[in-house]
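For reference, the structure is listed below as structure tokens.
Within every chain, numbering begins at 1; the chains are lettered A, B, ... in the order of the sequence lines, protein sequences first and strands thereafter.
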Amino acid sequence: MNPEALDVALTMSMLLHAKPMDEIHVMRKVVIDGSNTTGFQRTAVIALNGSITVDGVEVPIEQVTLEEDAGRKTGDTKTSVIFRLDRLGVPLIEVSTGPIIHDPEQAGKVAFAIGRVLRATKKVKRGLGSIRQDLNVSIKNGALIEIKGVQELELVSKAVGYEVQRQIGLLEIRDELRQRNVKASDIKEEFVDVTNILASSQSKIVESALDQGGVVMALKLPGFKGLLKRELIPNIRLGTEMAKRAVFWGRVGGIFHSDELPAYGIDSSHVEEVAKALGCGELDGFVIVADNLDDAKDGLRAAVERAREAAERVPEETRGANPDGTTVYLRPRPGAARMYPETDVPPVQIGQDRLERLWENLPRMPEELAKELETKHSLSPKLASQLVDSDYLPAFEEIVAGAKSVAPSFVATILTESLRSLQREQVPVENVREDQLKQAFDLVSKGETAKESVLDVLRWLAFHPDGAAEEAVEMLNLQMVTKSDLENIISKVVESNQTLVQENGTKALGRMMNLVMAEVRGRADPRQVTELLKTRLEKVKE
Amino acid sequence: MTVQELEGYHGQVLQQLRKSKAKVGSIIRLTSKSGEVFEGTLIPRSEYSDQTHIVLKMKNGYNIGISLDRTEKLEVIGQGEKPHFTKPSPPANHVGLPRVAIVSTGGTIASRVDYRTGAVQPALTAADLASVVPELSAIAEIDAHILFSEYSENIGPTHWKGMAEEVAKKIADGAEGVVISHGTDTLHYTAAALSFALANLPVPVLLVGAQRSSDRPSSDAASNLTGAVALAGRADMALVGVAMHQDLSDHIIVAHRGTRVRKCHTSRRDAFKSINSTPIASYDLKTGHIEMTNGIPKRDKSRKLALKSRFDQHAYLIKFYPGFNTGIIASAVSAGTRGIVLEGTGLGHVSRHLFDSLKKALKQDLPIFMASQTIWGRVDMNVYNTGRDLLNLGVTPLEDMIAETAIVKLMWVAAQTKSADKIREMMLRPIAGEMTSRTLVEAS
């Protein structure tokens with residue numbers, strides 16, 4: 001086990017007042033979606049029973065675990081999934097709160113507070129995805145739903161809100177099925193081959209399935225009419241839920257359900273015939289799948305299971321978050337049974353020495369950190385606190401340590417307010433790496449460009465992630481003007497404004513200054529310009 | 001098999017657990033001196049762990065280790081289930097399937113995991129195997145048993161002899177193919193040994209192993225075993241081979257010739273490669289399709305197996321490297337070796353500083369052979385002066401035979417004859433496809 005990762009996890013545990021285990025045991029958690037090449041994710045409990053205070057309320061931290069990150073899904077086809085493995089095996093700390101958060105807004109606040117503590121360790125990488133929130137949501141009579149991959153803090157409360165709404169919707173559907181006297185056992189695993197009926201349809205999906213030697217299979221859903229199209233959350237209907245299950249278990253492209261037909265090239269006569277073939281009554285619905293026989297059957301089996309659940313309860317699931325806060329079915333929720341010991345990694349004893357060393361070097365909490373920044377770098381309280389909450393604190397310290405002649409408050413302002421305003425202008429500032437930030441300020445510190453140029457340099461770098469700050473300065477023509485060049489420019493300006501100078505003498509300084517600065521702004525130190533201009537004007541006077 | 005009652009616990013912890021009447025599988029509540037409470041199932045402890053921690057599996061599935069020093073109170077609050085493995089029912093008999101014997105020699109090619117405790121139990125009987133790899137019962141009528149249980153690094157000439165005799169017995173009993181499961185580390189040495197020991201084979205003999213144990217989802221155990229059984233039962237060939245993954249996917253299982261295969265990676269599933277040759281057969285796990293390379297000896301049940309299972313361990317494989325201590329040759333000679341295979345550099349070279357010690361050995365009529373440490377390719381000692389010098393001294397080049405096969409062959413040859421001349425003559429005579437005078441470009 002990587003000792004640094006373990007140290008960070010222990011530090012994090014201490015900051016959250018959680019008690020470290022005496023001995024760490026690594027487990028294998030089976031993951032079957034392919035995101036981990038070994039088929040399991042390694043994970044270990046580091047500490048238990050901590051807490052964090054948010055808005056005066058103590059929120060229990062049940063568990064801190066150290067895990068390895070999985071591959072990132074970047075795309076899929078019918079039979080394969082494409083993963084990027086660049087994050088695979090990267091240490092990941094999971095902080096689990098107790099089930100005590102009562103409203104979506106509070107969930108967001110707790111996530112923010114935990115993020116602040118994480119940042120305090122200064123070991124958290126900047127960028128989208130480095131801090132992710134997995135949400136466990138349950139409501140009365142509903143089920144525990146795990147939502148994965150909420151990347152932005154702002155989405156936490158939204159996703160929780162949608163999930164509550166979705167579960168309420170599912171419970172309403174269940175109640176309605178009960179009123180219609182539909183029981184789970186009424187949904188039979190009986191599939192009818194409707195290939196002949198749909199062969200004449202205009203559906204592209206049916207056509208391509210049949211071209212590849214596939215079939216069209218149908219399943220009757222007694223009492224489901226009108227319920228399949230019921231929207232639970234934006235764009236997610238019971239039919240969608242069923243389709244996602246079929247896709248997951250049957251590897252099928254999707255399903256058609258009776259509430260969305262006629263459509264997609266399937267007309268009302270087809271619908272009637274299918275209903276007839278299935279023996280559907282007034283309130284019955286159905287789903288159909290076009291694919292090879294095995295996959296179609298597996299897909300419909302998944303639909304049967306989902307329909308049976310609909311009649312009884314909200315099923316426990318792991319769901320993935322969409323960018324708008326809605327969620328889709330990812331996979332069944334795994335239980336403790338998928339966990340077994342990782343025999344390749346011996347247990348790690350956490351000695352008292354290690355704990356004492358970490359305790360002595362415990363990073364300061366955000367509030368303390370802000371205070372420290374205020375005094376050490378003479379930052380305003382607001383700027384210090386913004387810096388602590390930003391992803392740029394480690395970069396700030398690095399820059400300030402190197403670029404000695406740049407004011408820390410200037411660096412802090414650029415890293416917080418200025419970068420944020422660039423972001424608002426849709427400049428992809430997340431592309432700018434730490435080393436590039438450092439380069440830019442170093443150039444200012446060495447007098448190779450003016451501090452007024454920094455923002456332009458960063459803007460350029462955001463669009464040229466492979467470039468260097470020096471290159472940006474050159475491309476944008478932001479190099480400092482040499483003294484002799486500056487003298488020449490001044491001479492030219494003075495000569496082309498002879499009358500003004502003749503008439504006003506040294507009193508023309510202000511206006512001449514403006515004219516010169518217009519040519520060299522960002523490339524010359526105004527103090528130097530004033531000095532040289534004064535000397536030049538005195539010469540004219542003589 | 002049950003897990004020992006307090007497996008892995010020693011000393012003070014063991015006493016404490018005994019006193020509390022705790023057993024592996026018991027549900028325990030530990031109260032620490034600072035008042036924290038931990039509850040979970042008592043888990044066995046690994047052999048080399050210290051004696052001061054108790055391991056619990058919490059309700060959420062995670063294991064944690066708690067120091068006895070910190071523990072105030074230890075109570076058993078419930079008797080959980082002991083790890084257990086229910087005996088699977090025997091597989092259904094399919095009529096008309098080929099009879100394949102599976103001989104197990106070690107490694108856990110097929111095993112079951114008790115997910116609650118993590119205990120692993122090897123699948124040993126035909127019924128066990130069928131429950132772990134149910135595909136098998138549709139491919140062949142399986143007769144499985146354990147010959148011995150050894151890590152492959154502990155397997156040597158005596159085991160080779162035992163395996164060869166066991167195979168002979170299975171064939172005499174009417175097996176239409178034999179599969180030997182074996183740890184992968186020395187699998188290719190055993191494959192070479194059996195290739196020489198089992199002459200005139202009527203049916204195929206396939207060695208199989210797993211690069212990833214079956215307790216991992218990435219395990220290749222079941223797929224390799226399936227491929228090996230299918231090829232042993234159905235492929236029209238009669239020789240010793242090694243059946244393993246062709247590449248990283250669970251798609252094709254290839255059989256390599258037993259004398260021309262080598263483990264070339266520590267952990268990849270396609271670690272086994274045919275060296276200076278191509279695989280002899282392949283099995284498509286999806287379609288069940290078998291493909292054969294031309295020129296492979298065919299099955300013939302009327303053929304009479306000739307068993308020559310003796311090996312003489314007085315043979316050395318010595319790898320040359322820069323800085324090699326020339327005294328090693330002399331020690332090999334004084335240790336009474338019957339022959340030496342040198343694993344030389346490149347085309348078959350060793351430093352001229354070895355010439356004297358080699359000369360002395362060769363003068364005593366000790367056969368010395370040359371194979372290459374480059375793994376792929378053929379030795380050719382006529383290209384450079386060093387090679388010509390070595391030929392002149394009397395070192396015998398071994399064509400395109402791989403070094404590991406060469407040492408196994410030397411052990412086998414040394415057991416067949418007492419004469420040094422005969423040893424040299426037999427080493428250069430192809431006996432089980434171990435060398436060819438022509439290496440094709442696609443084979444290297």
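- Residues B:Gln16 and B:Leu68 have side chains in contact (heavy-atom distance under 4.5 Å, counting atoms from C-beta outward).
- Between B:Ile43 and B:Leu56, every side-chain heavy-atom pair lies at or beyond the 4.5 Å cut-off.
- Most heavy-atom pairs under 4.5 Å with chain B: of the set A:Arg28, A:Lys29, A:Lys19, this distinction falls to A:Arg28.
- Proximity of a side-chain donor or acceptor of B:Asp220 to a complementary backbone N or O of B:Arg212 within less than 3.5 Å is detected.
- Under a 3.5 Å cut-off, the side chain of B:Asn224 and the backbone N or O of B:Gly209 do form a donor-acceptor pair.
- When the side chain to side chain donor-acceptor pair (under 3.5 Å) test is applied to A:Lys73, the partners found at least two apart in sequence or on another chain are A:Asp76.
- Only the side chain of A:Leu48 comes within contact range of chain B, with at least one heavy atom under 4.5 Å from a heavy atom of that chain.
- For the pair B:Lys273 and B:Asp270, the salt-bridge criterion is met [side-chain N within less than 4.0 Å of a carboxylate O].
- Of all residues spanning residues 243-252 of chain B, none has a heavy atom less than 4.5 Å away from chain A's heavy atoms.
- Without hydrogens or angle criteria, B:Asn154 side chain to B:Glu150 main chain gives no donor-acceptor distance under 3.5 Å.
- Checked against ring-ring contact (aromatic ring centres under 6.0 Å, His included), A:Phe248 has the following partners two or more places apart in sequence or in another chain: A:Tyr329.
- Residues A:Val26 and A:Met1 are in side-chain contact: their nearest non-hydrogen atoms beyond the backbone lie under 4.5 Å apart.
- Under the 3.5 Å distance criterion, the side-chain polar atoms of B:Ser20 are left unmatched by any main-chain donor or acceptor of B:Ala22.
- Scanning residues 34-46 of chain A against chain B with a 4.5 Å non-hydrogen threshold yields A:Thr37, A:Thr38, A:Gly39, A:Phe40, A:Thr43, A:Ala44, A:Val45, sorted by number.
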